[in-house]
K.L.:
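Structure below; questions to follow.
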Protein chains: 4
Amino acid sequence: MKKEFKKDQILGAASAIFSQKGFHQAKMDEIAVLAKVAKGTLYYNFSSKSKLFAATVTQGLNKIMTQIKEELESDLPFMAHLKGLISCIVRLYISHSEVSRIYANEMSSSIDDQVLVEIKEVRKEFIQFIEDILKTGEEKGYLKPLPHHLSAMAVVGMVDTLCANHLDHPAGSPVEQIIDTIFTILSTGLVADNSFNA
Amino acid sequence: MKKEFKKDQILGAASAIFSQKGFHQAKMDEIAVLAKVAKGTLYYNFSSKSKLFAATVTQGLNKIMTQIKEELESDLPFMAHLKGLISCIVRLYISHSEVSRIYANEMSSSIDDQVLVEIKEVRKEFIQFIEDILKTGEEKGYLKPLPHHLSAMAVVGMVDTLCANHLDHPAGSPVEQIIDTIFTILSTGLVADNSFNA
Amino acid sequence: MKKEFKKDQILGAASAIFSQKGFHQAKMDEIAVLAKVAKGTLYYNFSSKSKLFAATVTQGLNKIMTQIKEELESDLPFMAHLKGLISCIVRLYISHSEVSRIYANEMSSSIDDQVLVEIKEVRKEFIQFIEDILKTGEEKGYLKPLPHHLSAMAVVGMVDTLCANHLDHPAGSPVEQIIDTIFTILSTGLVADNSFNA
Amino acid sequence: MKKEFKKDQILGAASAIFSQKGFHQAKMDEIAVLAKVAKGTLYYNFSSKSKLFAATVTQGLNKIMTQIKEELESDLPFMAHLKGLISCIVRLYISHSEVSRIYANEMSSSIDDQVLVEIKEVRKEFIQFIEDILKTGEEKGYLKPLPHHLSAMAVVGMVDTLCANHLDHPAGSPVEQIIDTIFTILSTGLVADNSFNA
DNA sequence: TATGAATGAGATTTCATTCAT
DNA sequence: CATGAATGAAATCTCATTCAT
């Protein structure tokens with residue numbers, strides 16, 4: 001119990017520092033100080049900086065996915081459900097800015113191959129999660145038959161970019177507008193109705 | 001002339017290494033070796049690693065934007081024009097994998113604030129470039145009136161994610177399918193026509 | 001009794017690990033695991049790594065000396081006695097490879113001066129033990145009058161090197177040949193009889 | 001030229017420190033200070049501490065072997081030649097105390113396997129060198145037919161132990177006595193002539 | 001008596017940057 | 001203009017030791 005407490009303390013600090021400075025500029029010393037443990041304790045609990053990073057991302061994304069699942073257990077009409085999903089993802093993405101910043105920024109090849117694989121695994125799970133929702137929608141006849149994997153990534157890509165931008169410029173577009181824009185694109189596209197004759 | 005030649009040689013090498021390994025794992029030694037110049041020459045031409053990085057990204061994105069502009073100077077009907085735009089961006093993104101990998105991966109806060117600003121500037125230009133196209137489309141009545149900046153970012157986000165994935169798994173979905181999916185989403189959305197009554 | 005049992009368990013594990021990896025690469029964690037006790041228990045029984053090391057070596061060499069003494073309590077003719085001694089040392093040295101490896105390898109200055117002194121003390125005792133045997137042999141007229149201390153060290157040096165080599169390459173020369181070679185050198189030297197006129 | 005100078009400077013300092021403190025207690029900082037170069041320069045010239053250690057030992061033993069070869073290019077009668085050899089080895093061993101201390105103390109398994117192999121290689125060369133001399137002596141009928149490899153190691157073992165002891169206690173037996181003892185053992189053995197009837 | 005999570009000093013190593021040539 | 005040997009600050013990680021339980 002005590003041990004898990006320390007681990008959480010460390011993950012919290014790591015999450016804060018990694019999201020603020022990125023993987024490479026985050027220093028283990030710094031994380032230790034913020035977590036109020038000795039540097040050795042970091043290594044006692046996570047065998048390397050990379051592993052700590054992986055654990056941070058994994059824990060964060062899992063939390064988000066769990067929350068999304070909880071919020072979506074509803075019986076709304078599909079369109080409302082879709083809007084709910086988008087709204088939910090965007091809001092969680094923004095409120096868990098720590099994780100999402102990391103997630104958006106550090107998919108680079110800069111980290112141990114070993115660990116990168118681990119992180120990509122979690123990202124894959126997240127995309128799969130979206131993909132499953134889209135698939136269900138299609139099976140029920142609510143969605144067009146498109147390659148699920150690609151549409152799922154498209155959704156994630158849109159959300160990623162718009163939310164990352166919002167986190168960078170919080171004073172920019174309000175969250176509601178972001179959600180609306182994504183919802184509109186996903187439901188009817190960008191194109192005006194009369195254009196299809198052009 | 002000789003001088004510009006060396007600079008290009010360096011930028012070429014830097015582009016290759018940065019895209020392959022990311023900013024932090026790219027070593028100046030390595031770049032020097034690949035560029036076939038001495039390490040000192042790197043510093044003679046670019047005052048720091050960060051500046052070299054910024055120059056690499058800037059040059060790359062500018063090349064891409066120039067090419068897009070060239071390819072789009074046509075008088076096709078709008079829908080064809082839109083599809084052309086998407087197709088063009090996707091193909092360039094993939095063929096300039098060196099730049100786009102960097103672009104997708106290193107927007108993080110891991111680099112000098114100074115330089116990060118510089119890079120984000122170029123990215124902003126790119127988004128602005130898309131935004132202008134969307135704006136024109138709207139003014140001509142082809143596109144729905146949405147917040148341009150947000151839709152532009154949504155477009156870029158989709159392209160980013162799908163192309164990055166394609167570069168990671170070239171054997172996955174074919175480029176044509178990627179283009180189609182993006183085009184379909186942007187033109188009509190994901191939702192099946194009959195769903196709007198649900 | 002229970003206590004002594006634990007101590008022995010620890011000394012056994014320590015002996016195995018130290019001989020396998022040497023003082024510095026042996027980790028206390030490792031020894032604890034092999035001894036099936038908690039790390040704290042190591043420190044409860046031996047105040048430091050160095051002390052544990054010293055205890056390991058001391059116990060080992062004492063065991064060997066005791067065995068040699070037991071095996072040599074005989075009334076054979078001197079030459080047989082000498083051969084017996086050599087044979088006995090070599091065989092024990094090889095069968096107690098754990099101790100002898102340590103003994104041969106870690107006489108370096110790398111360990112606490114304090115502890116090094118302690119270990120050298122045991123080694124001195126061992127050499128003294130050989131020296132006493134040689135002295136007796138001389139007094140009885142069996143051996144040439146040579147500086148005992150030096151000849152004792154010469155004997156130990158030969159045995160050390162040849163046995164260490166045998167432990168490294170068990171498939172090399174058979175033990176019998178090693179014993180014979182040492183015995184021949186010690187009894188008649190390397191030089192052929194007719195060479196003394198040369 | 002400048003570069004080789006720095007390398008020599010480093011090897012000199014490394015030799016001094018390693019022989020004084022052993023591999024593990026020697027700190028790279030210390031060596032850098034003594035060599036009057038920056039720590040980075042150590043790593044610029046030798047890729048790791050282990051490699052520096054290996055280079056130090058190799059260079060030292062090679063110097064010794066070269067000197068022995070030079071000193072032995074004579075046409076003395078065999079017995080004089082043998083005594084010359086022993087005398088030469090002992091004196092060089094003692095005068096190059098830096099190398100020989102390292103050589104005697106750090107054959108342990110404490111260092112990278114990789115590097116240990118390298119060092120053992122040089123030691124093997126040294127033993128081979130002695131072996132060749134013994135072999136020639138036997139072929140010319142001066143020496144008894146014994147397993148060369150074993151006798152060579154026996155010689156080296158004796159020298160090792162006696163010289164190491166002399167370096168530890170310089171006030172003990174004088175060098176001449178050490179040489180005489182080894183020579184006597186090698187030429188006629190320890191055993192008194194009349195013992196063979198016992 | 002025994003435990004093992006926590007510690008933190010200190011070691012090796014890296015690499016962007018400089019500057020004499 | 002170009003070079004590359006030299007630098008040294010700073011980062012990650014190790015592990016003997018401690019101490020509350």
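Residue numbers start from 1 in every chain, and the chains themselves are labelled A, B, ... in the order their sequence lines are given, proteins ahead of strands. All values below come from the heavy atoms of this structure, side chains included, with hydrogens, waters and symmetry mates left out.
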K.L.:
B/Gln25 CD to E/dA16 P: how many Å, rounded?
P.N.:
11 Å

K.L.:
For D/Asn45 and F/dT7, what is the distance between atoms CG and P respectively, to the nearest whole Å?
P.N.:
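Answer to the nearest Å: 10 Å.
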
K.L.:
Do any side-chain atoms of residues 29-39 of chain C form donor-acceptor pairs under 3.5 angstrom with protein atoms, and if so which ones, sequence neighbours left out?
P.N.:
residue: C/Asp29; atom: OD1; partner: C/Lys39; partner atom: NZ; Å: 3.3
residue: C/Asp29; atom: OD2; partner: C/Lys39; partner atom: NZ; Å: 3.2
residue: C/Glu30; atom: OE1; partner: C/Lys27; partner atom: N; Å: 3.1
residue: C/Glu30; atom: OE2; partner: C/Lys21; partner atom: NZ; Å: 2.5

K.L.:
By a strict heavy-atom criterion of less than 4.0 Å, which residues belonging to residues 33-40 of chain D are in contact with DNA chain F?
P.N.:
D/Val37, D/Ala38, D/Lys39, D/Gly40

K.L.:
If the cut-off is 4.0 Å, is D/Tyr43 near the phosphate of E/dT14, judged by side-chain N/O to OP1 or OP2?
P.N.:
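So the side chain of D/Tyr43 is outside the cut-off, no N or O lying under 4.0 Å from OP1 or OP2 of E/dT14.
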
K.L.:
If each of D/Lys27 and B/Ala26 is mapped to the nucleotide of DNA chain E with the nearest heavy atom, which maps nearer the 5' terminus, i.e. the 5' end?
P.N.:
D/Lys27

K.L.:
Roughly how many Å is it from CD1 in D/Ile31 to C1' in E/dT13, rounded to a whole number?
P.N.:
14 Å

K.L.:
Once you round it to whole Å, what is the distance between C1' of E/dT18 and CG of B/Leu42?
P.N.:
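About 14 Å, once rounded to whole Å.
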
K.L.:
Any side-chain N or O of C/Tyr44 under 4.0 Å from OP1/OP2 of E/dA2?
P.N.:
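So the side-chain polar atoms of C/Tyr44 never come under 4.0 Å of the phosphate oxygens OP1 or OP2 of E/dA2.
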
K.L.:
Looking at D/Phe18, is D/Lys49 sitting on its ring face, NZ or CZ under 6.0 Å from the six-membered ring centre and within 45 degrees of the normal?
P.N.:
no

K.L.:
Do B/Asp8 and B/Gln59 have side-chain heavy atoms sitting under 4.5 Å apart?
P.N.:
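Yes - at least one pair of side-chain heavy atoms lies under 4.5 Å apart.
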
K.L.:
Once you round to the nearest 0.5 Å, how far does NZ of C/Lys6 lie from CG of C/Asn45?
P.N.:
8.5 Å

K.L.:
Between C/Phe46 and C/Lys7, is there a cation-pi geometry (under 6.0 Å to ring centre, at most 45° from the normal)?
P.N.:
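Cation-pi check for C/Lys7 and C/Phe46: passes.
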
K.L.:
Determine yes or no for a side-chain-to-main-chain donor-acceptor pair under 3.5 angstrom, with C/Ser48 supplying the side chain and C/Lys51 the backbone.
P.N.:
yes

K.L.:
Rounded to whole angstroms, how far apart are CG on B/Leu52 and P on E/dA16?
P.N.:
11 Å

K.L.:
Report the secondary structure of DNA chain E in dot-bracket form, marking unpaired bases with a dot and bases paired to a different strand with |, and treating Watson-Crick or G-U pairs with both distances under 3.5 Å as paired.
P.N.:
.||||||||||||||||||||

K.L.:
Once you round it to whole Å, what is the distance between P of F/dC1 and CZ of B/Phe5?
P.N.:
15 Å

K.L.:
Taking the nucleotide of DNA chain F with the nearest heavy atom to each, does C/Lys49 or D/Thr41 sit closer to the 5' end?
P.N.:
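The answer here is D/Thr41.
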
K.L.:
Are any non-hydrogen side-chain atoms of D/Val99 and D/Thr56 less than 4.5 angstrom apart?
P.N.:
no

K.L.:
Tell me: CG of B/Asp29 to P of F/dT7, nearest whole Å?
P.N.:
16 Å

K.L.:
Starting from C1' on E/dT14, measure out to CD on B/Glu30 and report it in whole angstrom.
P.N.:
13 Å

K.L.:
Does some side-chain heavy atom of B/Glu125 sit less than 4.5 Å from a side-chain heavy atom of B/Asn62?
P.N.:
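When only atoms from C-beta onward are counted, B/Glu125 and B/Asn62 do touch, with a gap below 4.5 Å.
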
K.L.:
Any heavy-atom pair between the side chains of C/Ser50 and C/Phe23 that's under 4.5 Å?
P.N.:
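Contact flag for C/Phe23/C/Ser50 side chains = yes.
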
